[in-house]
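Below is one structure, written out as structure tokens, with a few remarks after it.
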Amino acid sequence: MNGSGTKILIVDDEESLRSLIEIYLSNNNYEVISASNGREALEKIDRDKPEIIVSDIMMPEMDGYELLGILKGSAEYSDIPVIMLTSMDEDMDKIHGLSAGADDYMTKPFNMEELLLRIEKLLFLKRRIAGAEYRFTESQKLLDLTKEELLKAHKQLKKIMLESLEGLVTALEARDKYTRGHSERVAAYAGGIAREMNLDNIDTIIIAARLHDIGKIGVRDNILYKGEKLTKEEKAIIEAHPVKGAEIIGKISFLRDIVPAVKYHHERYDGTGFPEGLRGDEIPLAAKIIAVADTFDAITTDRPYRKGLDFDHALNELQGNAGTQFDPVVIEYFLKILNTK
Ligand SMILES: [Fe+2]
């Protein structure tokens, strides 16, 4: 019953009392270790790792206060509950003992049964604390796991969202044989230029390129795919697509970075583009890169009104418009990639 083999250390210089406690606790199934002073107690603690200590105060060599001080100051042993025993029933001793970190206090002479009850109570508390600490650590682990899973889910959600938007653009372009696959090619060219320029936002530029024409979703097919010349009103509707696109993208928090690239991909280097007529470095670099990639794809693929030009002609056209329509630096990098292929 009771102790079920729990190791307990009794520290007292009075041998008769020590033996008495030892017999009583052994009878209650404790494994009793004993020491006659603080120094000896420390050796036994190191060797036998008791779960609880009952210690006298006044002892030769090292008294109970010093022992207590060492134990409570050590990282390894500060959790071992200590019951202090003394023959002095002075309030100051109790206060001294408790403030030094004693977990309980008994005055000699004491009732053995009461000592046993106090030991059991402290052991129960100690185990309960250990259990709570264990549960706390486990819940912390669980929380970390949940955080990790949340991040994963968030990443997944972003991926799905992006895929849906790309799907929309693909569907939009697939309705017309001349624009089929356009944004995917633009994304590939823009990504290539960004890499060649050694930019640190390559992924953002690729996503922006993939979605640059998403604003065309609001434009009716009969205008969007009209072969012949557009009226002034129709032209205005088409030219609203970068702003419409920026509005759509701007509503999606994780895509806000690409809004400027989408909004300004039809600006021209010389300031004659739309929607705002920005010029030179006022135009975000990502937008200028997409503009080059966009035009390159447009002139190398078939259009309703003409056959697609070959690469050399396309390059000549791009070069011819460097400094007017396009940023010459972006053209330079684009030519560099194409010439090395
Ligand atoms: Fe566009």
Side-chain angles (χ1 to χ4, degrees), residues 162 165-194 204-227 229-250 252 255 257-279 282-306 308-309 314 317-318 321 324-327 330-331 334:
L162 199 59
L165 291 172
E166 287 175 359
L168 267 178
V169 174
T170 306
L172 174 84
E173 292 175 348
R175 287 184 302 183
D176 180 76
K177 66 174 179 176
Y178 299 110
T179 57
R180 204 162 292 156
H182 168 69
S183 293
E184 242 179 89
R185 291 189 298 269
V186 173
Y189 301 142
I193 298 171
T204 311
I205 293 175
I206 292 173
I207 295 170
R210 196 69 185 76
L211 302 178
H212 73 282
D213 271 345
I214 198 163
K216 285 185 179 169
I217 276 169
V219 183
R220 288 198 310 276
D221 283 14
N222 60 341
I223 301 175
L224 198 56
Y225 303 124
K226 189 172 176 184
K229 210 170 160 18
L230 296 166
T231 65
K232 214 173 140 203
E233 290 75 28
E234 289 167 342
K235 197 167 165 253
I237 291 171
I238 293 239
E239 288 190 353
H241 81 268
V243 172
K244 285 244 163 59
E247 279 169 13
I248 295 170
I249 295 301
I252 302 160
L255 287 178
D257 284 2
I258 71 164
V259 170
V262 171
K263 187 168 179 182
Y264 299 119
H265 76 272
H266 280 293
E267 296 290 0
R268 290 171 51 111
Y269 195 69
D270 59 10
T272 62
F274 62 91
E276 289 179 17
L278 302 182
R279 65 171 67 226
E282 291 170 352
I283 310 166
L285 182 58
K288 292 192 282 194
I289 291 174
I290 293 170
V292 171
D294 191 14
T295 309
F296 180 75
D297 187 61
I299 52 188
T300 49
T301 49
D302 293 343
R303 294 278 129 159
Y305 41 89
R306 58 148 179 76
L309 297 175
E317 200 171 319
L318 289 183
N321 289 307
T324 51
Q325 186 176 355
F326 306 115
D327 183 335
V330 177
I331 295 291
F334 192 41

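Read the numbers this way: they start at 1 and go in the same order the structure lists the ligands and their atoms. Along the sequence shown, residues are numbered consecutively beginning with 1.
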Worksheet item: Do any N or O atoms from the side chain of E173 and from the backbone of S183 form a donor-acceptor pair under 3.5 angstrom?
Response: yes

Worksheet item: Does E267 reach the main-chain N or O of L278 with its side chain, forming a donor-acceptor pair under 3.5 Å?
Response: yes

Discussion item. Run H241 and H265 through ring-ring contact (aromatic ring centres under 6.0 Å, His included) and show every step you take.
Written reply: CA-CA 10 Å; H241 81 268; H265 76 272; 5.3 Å; yes

Worksheet item: With distance as the sole test, does E184 use its side chain to make a donor-acceptor pair with the main-chain N or O of G181 at under 3.5 Å?
Response: no

Worksheet item: Do you know how many protein N, O or S atoms are within a distance smaller than 2.8 Å of the Fe ion (ligand 1)?
Response: 4

Practice prompt. Using the side chain to side chain contact (heavy atoms under 4.5 Å, CB included) rule, take H182 and D294 through it: C-alpha gap first, then chi angles, then the decisive distance, then the call.
Written response: CA-CA 8 Å; H182 168 69; D294 191 14; 2.7 Å; yes

Fill in: Short N-O contact, K263 and E276, less than 4.0 angstrom
yes

